[in-house]
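Quick notes on the structure that follows.
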Amino acid sequence: MGGIEQVINQIARGTSRLGVKTEVLSLTSCRVARTVEIDGYLAHRARMDFQIASTGFSGSAFLRFAQLAKNADVIHYHFPWPFMDVVHFASRIKKPTVVTYHSDIIRQKFLLKLYQPLKYKFLASVDRIVATSPNYLATSGVLGKYADKVSVIPIGLDKATYPDPTPDRLRFWSEKLGPKFFLFVGLLRYYKGLHILLEAAQGTDYPIVIVGAGPIERELKEQAARLGLSNVYFLGQLNNEDKVALLTLCYGVVFPSHLRSEAFGVSLLEGAMFGKPMISSEIGTGTTFINIKEKTGLVVPPSDPVALRRAMRYLWENPVVAAAMGRQAEERYWEYFTAERMVKSYVDLYGELVAKHHGAKRESEA
């Protein structure tokens, strides 16, 4: 699961526990069962026919969505997914609707111009828009157009769903990587700023561990080889137990995302959840809602390898300060970012939308 998939999973499993029957529709390119039960909710999959600019399209999803929507009280979308905007209008939805706005569309400039009229029509048509941080709401020109119907519900994680690593796995990684290292976890995509992290690693001997796979993996490994970096470890995609073992063992979490495509940073939040000091970039998104400068970690300018190197050096050479930042990061997680808090907010929002819809329906019938 990537970050958005993890969020959907946390919402679906959490709302199901609070008495909301939750079903999820997504696309798949694999030959798998059409419907499976995951963590107490139903996950429906329609076959993906093709992709354009990372957006999946599916002919069968139109009928599947209409069938599921017919029995639903609330339709909850996750943006951006332009194909679903089309499905929404084609299905002539008359139910209460909410969309979680995960990110502005940053990279596809030409396609964005073509999509923009549909995007604005879709966002205008839904009943409520949810931003995942006050920072993103304040800095998104798109969200600013709909401020009167935007709610802020921060992403939350349930620590109890993370496996406890065995002593053997902890010992394995400790022996392999040493007692002190920086950690990055995430999909290896262009906006993650890992090329900046590799530049920052030049001239240092701090072990830097990169967990994840993605479209720029080969490019990053080639860059590391050109720079002669022997202190950077690419571990690829790992299972959850190994990921938690590394989060438990690491000295600090580094998260160099430099573009607004990084709207929140779920793996950064995982670092806070495990009590680690963090380094992130100021890009006007949820990353700086998670990581408070000089309280839970350090915040540096984006695309600045010198500043990033300086921040790593400061944490490395000041373990007492780093440990205090880690403790405050975990305290902030428990205060603002638990799945329980997020899920309760969504259940309250669903109830509000349903009540409003029924009230409007009674008025029209009268």
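Both backbone and side-chain heavy atoms feed into the values below; hydrogens, waters and symmetry mates do not. Note that the coordinates shown come from a computational prediction; the quantities given were computed from them, not determined experimentally. The chain is numbered in sequence order, starting from 1.
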Is it the case that one hydrophobic cluster holds both L229 and Y251, taking links as side-chain heavy atoms less than 4.5 Å apart, direct or via other members? yes

Take atom NZ of K119 as the centre, draw a 6.0 Å sphere, and report whether it contains more than 12 heavy atoms from other residues, nucleotides or ligands. yes

Quick check against the 3.5 Å criterion: does S16 have a side-chain atom that pairs as donor or acceptor with the backbone of A12? yes

Regarding K192 and the six-membered ring of F184, is the cationic atom NZ or CZ under 6.0 Å from the ring centre and inside 45° of its axis? no

Counting only heavy atoms not in K95, do more than 12 sit closer than 6.0 Å to its NZ atom? yes

Take a 6.0 Å sphere around CG of N318 and say whether it holds more than 12 heavy atoms from other residues, nucleotides or ligands. yes

Holding to ring pair (Phe, Tyr, Trp, His ring centres under 6.0 Å), I want the full list of residues that pass it with H76, two or more places apart in sequence or in another chain. H78, Y346, Y350

Following the transitive rule for hydrophobic clusters with a side-chain heavy-atom cut-off under 4.5 Å over Ile, Leu, Val, Met, Phe, Trp and Tyr, establish whether V24 and L42 coincide in one cluster. no

Y206 six-ring centre to R309 NZ/CZ under 6.0 Å and within 45° of normal: no

Show every donor-acceptor pair shorter than 3.5 Å between a side-chain atom in residues 215-228 and any protein atom, with sequence neighbours excluded, or say none if there are none.
residue: E217; atom: OE2; partner: K221; partner atom: NZ; Å: 3.2
residue: Q223; atom: NE2; partner: H195; partner atom: O; Å: 3.1

Regarding T285 and E262, do their side chains bring together a donor and an acceptor under 3.5 Å, going by distance alone? no

Verdict with reasoning, V98 to L349, per side chain to side chain contact (heavy atoms under 4.5 Å, CB included): CA-CA 9 Å; V98 58; L349 176 56; 3.7 Å; yes

Y101 and Y77: aromatic ring centres closer than 6.0 Å? no

Does Q237 use its side chain to pair, donor to acceptor, with the backbone of A213 at less than 3.5 Å? no

For G40, is there any backbone N or O sitting under 3.5 Å from a side-chain donor or acceptor partner on R13? no

What pair of heavy atoms forms the shortest contact from W81 to G56, and how long is it? NE1-O, 3.2 Å

Which residue, F50, F57, F65, forms the ring pair (Phe, Tyr, Trp, His ring centres under 6.0 Å) with F83? F57

Assess whether atom NZ of K180 is packed by more than 12 heavy atoms of other residues, nucleotides or ligands within 6.0 Å. yes

Minimum heavy-atom separation for L198 and I210, please, with both atom names. CD2-CD1, 4.3 Å

Taking the six-membered ring for Trp, are F89 and F122 parallel (under 30°), tilted (30 to 60°) or perpendicular (over 60°)? perpendicular

Scanning both residues in full, the closest heavy-atom pair of S60 with A46 reads OG-CB, 3.8 Å

Do I38 and Y162 belong to the same hydrophobic cluster, where Ile, Leu, Val, Met, Phe, Trp and Tyr are linked whenever their side-chain heavy atoms lie under 4.5 Å apart, directly or via other members? no

What are the two closest heavy atoms between A201 and N231, and how far apart are they? O-ND2, 4.0 Å

State, yes or no, whether a side-chain contact exists between V74 and H357 at a heavy-atom distance under 4.5 Å. no

Residues two or more places apart in sequence or in another chain: which of them pass ring pair (Phe, Tyr, Trp, His ring centres under 6.0 Å) with F337? F289

Out of curiosity, K113 NZ to Q116 CD, how far, rounded to the nearest 0.5 Å? 9.5 Å

V244 side chain reached by T248 side chain, heavy atoms, under 4.5 Å: yes

Do the non-hydrogen side-chain atoms of F264 and I290 ever get within less than 4.5 Å of each other? yes

Cut-off 3.5 Å, side chains only: do T15 and T22 have a donor facing an acceptor? yes

Closest contact, heavy atoms only, S280 versus T287: OG-O, 4.2 Å

Between the OG1 atom in T296 and the CG atom in L268, the distance rounded to the nearest 0.5 Å is 8.0 Å

Side chain to side chain contact (heavy atoms under 4.5 Å, CB included) between N71 and E23, worked out: CA-CA 11 Å; N71 297 319; E23 302 190 24; over 6 Å; no

How long is the gap from CE on M278 to CD on Q328, to the nearest 0.5 Å? 10.0 Å

Answer yes or no: does atom CD of E340 have more than 12 heavy-atom neighbours from other residues, nucleotides or ligands under 6.0 Å? no

Kindly indicate whether the side chain of D104, heavy atoms from C-beta on, has any atom under 4.5 Å from the side chain of Y136. yes

For R313 and W316, run side chain to side chain contact (heavy atoms under 4.5 Å, CB included): C-alpha distance rounded to whole Å, both residues' side-chain angles, the deciding distance at 0.1 Å, then the answer. CA-CA 5 Å; R313 181 184 303 122; W316 193 265; 5.6 Å; no

How many angstroms lie between atom CG of D158 and atom CG of D39, to the nearest 0.5 angstrom? 10.0 Å

Is K293 salt-bridged to E282, cutoff N-O under 4.0 Å? no

Can you check whether P154 reaches R341 side chain to side chain, under 4.5 Å on heavy atoms? no

Heavy-atom donor-acceptor pair, S281 side chain to I283 backbone, under 3.5 Å: no

Whether T338 side chain and G156 backbone form a donor-acceptor pair below 3.5 Å: no

Sub-4.5 Å side-chain heavy-atom contact between V142 and Y120: yes

Under 4.5 Å between side-chain heavy atoms, hopping through other hydrophobics if needed: is there a path connecting L63 to L27? no

Do T139 and R260 make a side-chain contact, defined as non-hydrogen atoms from C-beta onward lying under 4.5 Å apart? yes

Give the intermediate values and the outcome of side chain to side chain contact (heavy atoms under 4.5 Å, CB included) for residues R17 and V343. CA-CA 10 Å; R17 289 174 180 171; V343 166; over 6 Å; no

Which heavy atom in L25 sits nearest to a heavy atom in A61, and how many Å separate them? CD2-O, 4.5 Å

Does Y191 have R189 sitting over its ring (NZ/CZ under 6.0 Å from centre, angle to axis within 45°)? no

With a 4.5 Å heavy-atom cut-off, do Y333 and L269 have their side chains touching? yes

Strictly distance-based, threshold 3.5 Å: is any side-chain N or O of R45 a donor or acceptor partner for the main-chain N or O of A33? yes

Would a single hydrophobic cluster contain both L238 and L157, if residues Ile, Leu, Val, Met, Phe, Trp and Tyr are joined by side-chain heavy-atom contacts under 4.5 Å? yes

Supply the atom-to-atom distance L170 CG to E241 CD, rounded to the nearest 0.5 angstrom. 8.0 Å

Could you check whether atom NZ of K149 has more than 12 heavy atoms from other residues, nucleotides or ligands sitting under 6.0 Å from it? yes

Pi-cation contact, F274 with K159 (under 6.0 Å, within 45°): yes

At what distance, to the nearest 0.5 angstrom, does CZ of R310 lie from CD1 of I279? 12.0 Å

